[in-house]
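Sequential numbering from 1 along the given sequence is applied to the chain's residues. When a ligand or atom number is given, it counts from 1 through the structure's own listing order. The figures here come from the full heavy-atom set of this structure, side chains too, leaving out hydrogens, waters and symmetry mates. None of these values were measured; they are calculated from a predicted model.
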Amino acid sequence: MTKELPTNFLWGGATADFQYEGGYDEGGRGPSTHDYETNGSPEHPRHHTMKMPDGRIINPKSSFLDAEDVPEDAKPVWLEDHYYPSHQAVDFYHHYKEDIKLMAGMGFNVYRFSIAWSRIFPNGEETEPNKEGLKFYDNVLSELEKYHIQPLITICHDEMPVHLALKYDGWNSRKVIDFYVKYAKTLFEHFGNRCKYWLTFNEINAVRGFGPSGVHKATGLSRYQAAHNMFVASAKTVSLGHKLMPHSQFGTMYALSTCYPATCKPEDVFHNQAELRENWYFVDTMGRGYYPRYADEILQHHGVKGLSEIKMDPSDKQTLKEGQLDFIAFSYYRSNTSKAGDAWFNVGGSANPYLEKTPWGWGLDPLGLRYTMNMIYDRIQKPIFIVENGMGAIDKPDDKGYVKDDYRIDYLQKHLSAMADAINIDKVPCIGYTMWAPIDLISLSTGEMKKRYGFVYVDMDDLGHGSLKRIPKKSYGWMKHIIETNGKALDE
Ligand code: BG6
């Protein structure tokens, strides 16, 4: 069966503001939750630098919201002798023209990027948006339009103005729903006639990066209360978006790297079914507009009695029903395994002995992508959109900065072929594919630069040193050929 894709298929790449954009204190941008996160590595997890109420400075030991023993009134701080990768990232803020030209050179017809909430509302509570922030994204959109690349905008990629996180405890507060809807409405009024596809959240099932930079844990009741508030915020936004922009299409993005039973022992298979539901909980609720029948069971795995413990407004049921998603967007990088007795929501999972791994231990599983696409469409009969897939690898440039990344070509060849089979053979409707990430950027999990994903090398090291020069890798020309043949060349 041919790998050539339907003529309207969207090909492109995806990035996130705090990993790519930089310019953290330019153009009136306010501080955002990820701005306080240091660089790290697989051996040394990223952490947040915090000032304790008694004046001591401490480093909560892990990233996201996982720091215990940190009181609520601790404040995130920047320290001279620490490196905070989001501040410069790889400086798309000043390189956007060059970068978009490089994307156009590969034939992209879509580019997924996130808007930094704190660039539009620096502390989240202002009544008027920051004009300079809107102007920056106006410029980005104009540049995309020059090359006939359509935007896919992520309204919120794992971050928020730090002020909202500190004052309201992030998504634990319903107040944040209103701030988010106001922010989204501003984007619709300003960019609505220039953008068809929108994502309300990135990897919503990870519920990460929204607390006061490491102060509160997103576990147990607080994780599911935050998720509920995000469901409501998303649904309100979708309904509003449909009203203001009748042509618009909305998704939310889920991390759906999949999980297999470790063995065919029935107990392992049964455990794995429940493990998968940890993610379906998010997809089902937002894709169908109501909580699934197994919701209480999921909550009980996390020490919560059931939905009755989550604070809801009587109107929420109707809001969720009305604000259903138009398409299901997801990231897929790898697969894991689970077995009876494993901890619930064992995100990293156990390794699969049949799979090779990246240097970061991610199991390479192209068929898992086809499997996942089928699973999603069987479950929610709505079009899907693959908005992240790619391979983090250690690239070794020659003395001219050129990288021969045959391993990345191999990864993409296999994953794109699996995707084409899901579309052409299994008849799964798929709107497009945006590869993570077209230009090298900062890793979310480790904050490293050396975990590179791009078709384009960026001359910068883990501590932000380098010329920031952009140099296309071997995979750049390969991807260009795949796109210009609309996938047909995957057979070559
Ligand atoms: C997804 C995120 O989890 O995976 C991205 O949406 C992230 O922000 C990507 O960068 C790859 O993960 P990492 O940790 O290798 O950057």
Side-chain angles (χ1 to χ4, degrees), residues 12-22 32-35 37-47 62-66 85-86 89-90 92 111-117 152-160 199-210 218 230 251-258 279 282 328-336 345 347-349 357-364 369 372 385-395 407-408 411-412 415 433-454 458 460 462:
T15 61
D17 56 282
F18 63 92
Q19 295 171 263
Y20 186 46
E21 195 175 281
S32 164
T33 42
H34 276 288
D35 290 351
E37 202 173 15
T38 66
N39 61 321
S41 68
E43 300 75 38
H44 301 287
R46 309 185 73 175
H47 54 259
S62 92
S63 63
F64 308 134
L65 311 184
D66 203 17
S86 75
V90 294
F92 176 69
Y111 169 44
R112 173 186 173 220
F113 63 97
S114 69
I115 292 192
W117 187 342
L152 163 60
I153 294 181
T154 313
I155 297 172
C156 179
H157 192 120
D158 301 5
E159 50 97 41
M160 65 167 49
L199 298 172
T200 52
F201 289 102
N202 181 68
E203 294 192 340
I204 191 168
N205 50 328
V207 198
R208 73 158 90 87
F210 300 114
M230 290 163 81
T252 270
M253 193 274 229
Y254 305 92
L256 292 181
S257 292
T258 197
N279 286 332
F282 293 81
I328 305 297
F330 69 106
S331 64
Y332 175 86
Y333 288 93
R334 54 174 164 170
S335 65
N336 298 304
F345 197 43
V347 188
K357 294 189 197 67
T358 71
W360 281 266
W362 293 18
L364 302 172
L369 174 59
T372 303
F385 204 149
I386 305 169
V387 298
E388 278 187 37
N389 170 244
M391 182 190 189
I394 297 174
D395 291 337
Y407 38 89
R408 185 168 290 108
Y411 177 99
L412 292 170
H415 283 77
Y433 173 94
T434 57
M435 181 267 204
W436 185 269
I439 317 266
D440 287 344
L441 42 61
I442 307 291
S443 156
L444 169 75
S445 54
T446 64
E448 291 167 294
M449 188 61 200
K450 72 165 175 286
K451 188 180 189 186
R452 293 173 184 269
Y453 283 88
V458 175
M460 192 183 108
D462 282 343

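Ranking protein heavy atoms by distance to atom 4 (O) of ligand 1, first place goes to E388 OE1, 3.2 Å. Looking at atom 16 (O) of ligand 1, its nearest protein heavy atom turns out to be L444 N, 2.7 Å. In this structure, the protein non-hydrogen atom closest to atom 15 (O) of ligand 1 is Y453 OH, 2.5 Å. Among protein heavy atoms, atom 9 (C) of ligand 1 sits closest to Y333 OH, 3.3 Å. For atom 3 (O) of ligand 1, the closest heavy atom belonging to the protein is E203 OE1, 2.6 Å. From the protein, the heavy atom lying nearest to atom 14 (O) of ligand 1 is S445 OG, 2.5 Å. In terms of protein heavy atoms, atom 10 (O) of ligand 1 is closest to Q19 NE2, 2.8 Å.
In the vicinity of K451, heavy-atom distances shorter than 4.0 Å reach the ligand 1 atoms 13 (P), 14 (O), 15 (O).
Counting heavy atoms only, W362 comes closest to atom 12 (O) of ligand 1 of the residues W362, W436, F18.
At a heavy-atom distance under 4.0 Å, only side-chain atoms of N202, from C-beta outward, approach ligand 1. Under 4.0 angstrom from ligand 1, the non-hydrogen atoms of S443 come from both its backbone and its side chain.
Classified by interplanar angle (parallel below 30°, tilted 30° to 60°, perpendicular above 60°), the ring pair W436/Y453 is perpendicular. Ring geometry for H415 against Y332 counts as tilted: the plane angle lies between 30° and 60°, on a 0 to 90° scale.
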**Message:** Test salt bridge (charged side-chain N to carboxylate O under 4.0 Å, His left out) on D395 and R408; report intermediate values, then the result.
**Reply:** CA-CA 10 Å; D395 291 337; R408 185 168 290 108; 3.3 Å; yes
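The shortest side-chain heavy-atom distance between F201 and M253 does not fall under the 4.5 Å cut-off. Between R112 and H157, the closest side-chain pair of non-hydrogen atoms falls below 4.5 Å.
Side-chain atoms of E448 and S41 include no donor-acceptor pair closer than 3.5 Å.
Between F282 and Y254, the ring center distance fails the sub-6.0 Å criterion.
Of the residues listed (T154, D17, I155, I153), the one engaging I115 in a side chain to side chain contact (heavy atoms under 4.5 Å, CB included) is I153, and it is the only one.
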